[in-house]
Chemist: 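Let me give you the structure first, and then I'll get to my questions.
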There are 2 protein chains.
Amino acid sequence: MAWELDSDRPIYTQLVERIQVQIISGYYPPGGKLPSVRDLAAVAAVNPNTMQKAFAELEREGLIVTQRTNGRTVTEDETLLKGIRMQMAREKVDVFVQTLKELGFSQQEILSLIQDVIEGEGKNE
Amino acid sequence: MAWELDSDRPIYTQLVERIQVQIISGYYPPGGKLPSVRDLAAVAAVNPNTMQKAFAELEREGLIVTQRTNGRTVTEDETLLKGIRMQMAREKVDVFVQTLKELGFSQQEILSLIQDVIEGEGKNE
DNA sequence: ATTGTTGTACTAACCACATAATACAATAAA
DNA sequence: TTTATTGTATTATGTGGTTAGTACAACAAT
């Protein structure tokens, strides 16, 4: 399936975030090989240049390593991966809680909304 | 203070979201008058054209009403406002929970993270 | 009546993003 | 050695967002 991309934000940014999650979640394990620029661009249905830009950003963050003519691999630094995982989670939580508070929801109401979603999904899994 | 705007997304979209929250939270009460395009553009430090575009979108959604030569007011349809409030909240919750699950957090872990933030903030308020 | 404020429309210019189409060097695979 | 694949770089083109500047009609305030 082609990746779900929002036209409201730069595509390369969305590619970065998606691949970040795939790495953090273990879909691409530490030390594992990543698809080539061309292949992954084809899968995502974007231009190779755009995927190249996303990979460059991921490399700048240290999540992936480039071997000049033999593709790319996920970093083997699992400490870094775990750190980024927690960092991403905390940022999502902070933004979420702040946003809901701005909408006028109390702490208890926020927790209730979360539990509603979790219990609702529980019936399907 | 100038509004905090992210260069990663269209400014007018961020203006829409910010004003939405201000309306939903009651900062601009139902039936209340909104600043003029030029004034609010000056406050936010953006071009009047951009603010105009944001207002046009808000009007399309029904949140605000335009009086041709006498400014704009927030809709008096409080049922609509409450509906949008819940709609926004549920979407935020859904996206949040899904994102955290993709990062490999369990339901209990998600709840714990939320409680950490809430309790942490409690000490400052 | 005059002045000021309102929403609105228009053009020009700039820039970032995205795509398309090539091209090249390095190296793995055959 | 030859071929294919890799990352990478380049140029050109199109699109959308943003700003700047200007202008106009409608109406409130004076």
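Keep in mind that this is a model prediction, so the values were computed, not measured. In the text below, chain A, chain B and the rest are named by the order of the sequence lines, each starting its count at 1.
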Chemist: B:Met51 has an atom CE; how far is it from atom P of D:dA20, in whole Å?
Modeler: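 About 14 Å, once rounded to whole Å.
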Chemist: So which pairs with a foot in residues 59-116 of chain A pass ring-ring contact (aromatic ring centres under 6.0 Å, His included), sequence neighbours left out?
Modeler: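 Those involving residues 59-116 of chain A are A:Phe96-B:Phe96.
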Chemist: Rounded to whole Å, how long is the line connecting atom CG of B:Asn47 with atom P of C:dA13?
Modeler: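 Atom CG in B:Asn47 sits about 17 Å away from atom P in C:dA13.
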Chemist: Measure CG/B:Leu5 against C1'/D:dG17 and give the value in whole Å, please.
Modeler: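 Result: 13 Å.
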Chemist: Tell me every residue that passes salt bridge (Lys or Arg N to Asp or Glu O under 4.0 Å) with B:Glu109, counting only those two or more places apart in sequence or in another chain.
Modeler: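 Partners of B:Glu109 under the salt bridge (Lys or Arg N to Asp or Glu O under 4.0 Å) test: none.
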Chemist: Pairs in or reaching into residues 32-65 of chain B: which pass ring-ring contact (aromatic ring centres under 6.0 Å, His included), with residues at least two apart or in two chains?
Modeler: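 Every candidate ring-ring contact (aromatic ring centres under 6.0 Å, His included) pair involving residues 32-65 of chain B fails, so no pair, neighbours aside, qualifies.
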Chemist: Can A:Val46 and A:Leu5 be said to form a side-chain contact (heavy atoms from CB on, under 4.5 Å), step by step?
Modeler: CA-CA 10 Å; A:Val46 299; A:Leu5 298 173; 3.7 Å; yes
Chemist: With sequence neighbours excluded, what pairs up with B:Glu78 under the side chain to side chain contact (heavy atoms under 4.5 Å, CB included) test?
Modeler: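 Result, side chain to side chain contact (heavy atoms under 4.5 Å, CB included) vs B:Glu78: B:Pro30.
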Chemist: Below the 4.0 Å mark, does D:dG17 have OP1 or OP2 next to a side-chain nitrogen or oxygen of B:Thr50?
Modeler: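 Looking at the OP1 and OP2 atoms of D:dG17, neither is under 4.0 Å from any side-chain N or O of B:Thr50.
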Chemist: Summarise protein proximity over nucleotides 2-9 of chain C in one line of letters, 5' to 3': B for base, S for sugar-phosphate only, - for none, counting protein heavy atoms closer than 4.0 Å.
Modeler: ----BBB-
Chemist: Provide, to the nearest angstrom, the distance between the CD atom belonging to B:Gln14 and the P atom belonging to D:dG16.
Modeler: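 Computing the B:Gln14:CD to D:dG16:P distance gives 19 Å.
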Chemist: Going by ring-ring contact (aromatic ring centres under 6.0 Å, His included), name the pairs with one or both residues in residues 58-81 of chain B, residues two or more places apart or in two chains.
Modeler: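 Not a single pair qualifies under ring-ring contact (aromatic ring centres under 6.0 Å, His included).
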